[in-house]
Amino acid sequence: MDRKSSNRYVVSVLVADRVGILKDITSAVTDMGANIDGISQTVASGYFTVILTATFKKSVSTEVIHGQIMQNFSRDEAEIVVRPYQEDAVKRVPVQGNRYAVTVTGKDRAGILKMVTAFLAGKEINIEDWYVEFQGRNVTHIGVISVPRVLDIKQTQEEFRQLLVPLGLTSYIQHENIFRATNEIGPIESLLDEKR
Amino acid sequence: MLTKSDIISTVRMLQEENLDVRTVTMGINLVECAGRDMKSTAALVYKKIKLKAGNLVRICDELSAQYGLPVVNKRLAVSPASLLLEGHSRVDALTLAKAMDKAAADVKVDLIGGFTALVQKGMTPGEKILIESLPEVLSQTHRVCSSVNVATTKAGMNVDAIRLMGKTILRIAQATKNKKGFGAAKLVVFANIPEDNPFMAGAFLGAGEPECVINVGVSGPGVVKRSIDRLIKQNPNCSLDEIAEEAKHTAFRVTRTGELIGRDVAERLGVQFGVVDLSLAPTPRVGDSIGEIYIAMGIKKLGAPGTTAAVALLNDAVKKGGAFASSSVGGMSGAFIPVMEDHALAKAVADGTLTLEKLEAMTAVCSVGLDMILLPGNTTAETICGIIMDEAAIGMINRKTTGVRVIPVPGKKVGDRVDFGGLFGSGTVTNVNCPNGSAEFVNRGGHIPAPIQSLGN
């Protein structure tokens, strides 16, 4: 199916987690003759959220798609957003660079994410994924970020560290290959090939 | 795609379990520098080291920051210095060593290995000069390390060379008596010396190696110990094969960090990548100890019956994990037991549970030998020779590397404490049983023939 067609839509659903949600969403979309060509889902603190893109065979309105998915949920159970896909969405990602993992650990307090994300945005660093884990009063933030090649990583790491030290937070920004090397089994050379 | 648990487990290895790259060692071939005039030879040696290794430390530091992985030591290993000493004098040997020392200092590496002679079958005049110059060289330089290979499985054991080494070790200790004999800590006497070992003091660039090469030594005893701790916490009755499996998996992960750094450093420097050597090499820090691993496995007093089996289990698991992780594994690749550099081993020696004889048994199944062991100052040359011969015999017969790095501390007796500081650690002077019982055997000299390679029981 031609993914550049004007019949491509982006769908987002937020709902309290239960078994079968993804089945309810994908079956509604597929039964309308669409091919799902992009999807990412996660669960945070008991809430399920998914974002997907789907290309339909025939022209269809956003209201019809919304209504079809909503049929599989009880009234007020889910928040659903459907929008036409904009072809330049990928191009709007500001930078292509090396992928790093960022970790921030310490005692939880309000404002950590605001401070961290403002720092990253100020450096044109794109956040691709973000997770938070709590252990008692301590929090661990884990992010996967894309760092522009022109950025001095040593200086960025140091500025980031100094930003968070006054809050009693420990932080690291490390190239993704160290994590891939320790968790994957493919040849190391292939990781370096990708880095070039 | 990285998962949360991938990131957390790796961060834990790095931040809590002391995972690091212990050494990035650049091998440099210096043979082209040989000449009749030592002044010009030394100048060429200095120039070549500066040219090849000038950017080594900077690039290691950059990659260390990028990966968040400490590269603890940056070092050099050169082709055997004895090859540059044929036709020269002891004074020339010192001139050469000082040029190596200055070059190492100027490129900001902490140690340079390769003041080396391979004398397992016989000794050339240059090799004899090198050995005889060691008291001056190791007392008047800071960074130069030396190694002498006295036996191989194929050539047998050169007892005449060992006799020279016994006397030389005592002279080195005397020449550095103001530093408690520290000079002897920079010399290893080997059997079956590896040509690509990145770890000091025994690193050198072998004859079969490239012109310039990056070899990496990774460690991580803390990571292995914590993984075994976690396993036992989950399953207090876990079996030894489960412990071996855990150690193997951990070794796999540790080895791959080393290869990642090594290949990246080599590529940026435009030189060949050689090997990654996963050897569990301890430091004196708590949490970075090989002895702690054996204690975690259940050997509550190091040296107790079962200790050698624990060493064998760990050594084999490390090799298997490393071999699966990378096709470029070399060097020693196993578990080290450098007594002074490991607080748990040093304590066991001080407590008297771990004796020289038990350490010798452990070396039969671990990756090196009697390493960083303090001897009484009045130990005779013949006794040191006997220790070297026993250790070389283990290596020669079992087709493995063994080494001896002992320090007869001038003026010290059994039970005295000695502290070298830093990575070299501290320890207690060890008792040698029957110290005068083998002089007649040692003094016969000659050569022990190469062992038979069939009838292998």
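Naming: A, B, ... by sequence-line order, numbering from 1 per chain.
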For this session: Please say which of B:I8, B:V11, B:T3 ends up in a side-chain contact (heavy atoms from CB on, under 4.5 Å) with A:F179.
Result: B:V11
Is it true that, when you exclude [X] itself, more than 12 heavy atoms of the residues, nucleotides or ligands shown sit nearer than 6.0 Å to its [atom1]?
X	atom1	result
A:E159	CD	yes
A:Q162	CD	yes
A:F119	CZ	yes
A:K123	NZ	yes
B:R58	CZ	yes
A:R18	CZ	yes

For this session: Carefully, step by step, assess A:I188 and B:S326 under the rule side-chain contact (heavy atoms from CB on, under 4.5 Å).
Result: CA-CA 8 Å; A:I188 293 291; B:S326 170; over 6 Å; no
To the nearest 0.5 Å, how far apart are [atom1] in [X] and [atom2] in [Y]?
X	Y	atom1	atom2	result
B:Y67	A:I153	OH	CD1	12.0 Å
A:E176	B:I7	CD	CD1	9.5 Å
B:L14	A:I178	CG	CD1	6.0 Å
A:N177	B:D264	CG	CG	8.0 Å

For this session: Check each atom of A:E133 against the heavy atoms of chain B and say whether the ones under 4.5 Å are side chain, backbone, both or neither.
Result: side chain
Exercise. Which atoms of A:I173 come close to chain B, meaning under 4.5 Å heavy atom to heavy atom: side chain ones, backbone ones, both, or neither?
Worked result: backbone
Exercise. Would you find a donor on one side and an acceptor on the other, under 3.5 Å apart, between the side chain of A:Q157 and the backbone of B:A65?
Worked result: yes
For this session: Examine distances only and state if a side-chain atom of B:Q66 and a backbone atom of A:H175 form a donor-acceptor pair shorter than 3.5 Å.
Result: no
Exercise. How would you list, by chain and number, every residue that makes a ring-ring contact (aromatic ring centres under 6.0 Å, His included) with A:Y172, sequence neighbours excluded?
Worked result: none
Exercise. Got a sec, which residues hit ring-ring contact (aromatic ring centres under 6.0 Å, His included) with A:Y9, two or more places apart in sequence or on another chain?
Worked result: A:F56
Seminar exercise, completed: Those residues of residues 251-261 of chain B that come under 4.5 Å of chain A on a heavy-atom basis, listed by number, are B:F252, B:R253, B:R256, B:T257, B:E259, B:L260
Exercise. Can you name the residues that form a side chain to side chain contact (heavy atoms under 4.5 Å, CB included) with B:A281, not counting sequence neighbours?
Worked result: B:R22, B:F199, B:S219, B:F336
Problem set entry | Which portion of B:E62 sits near chain A, non-hydrogen atoms under 4.5 angstrom | neither
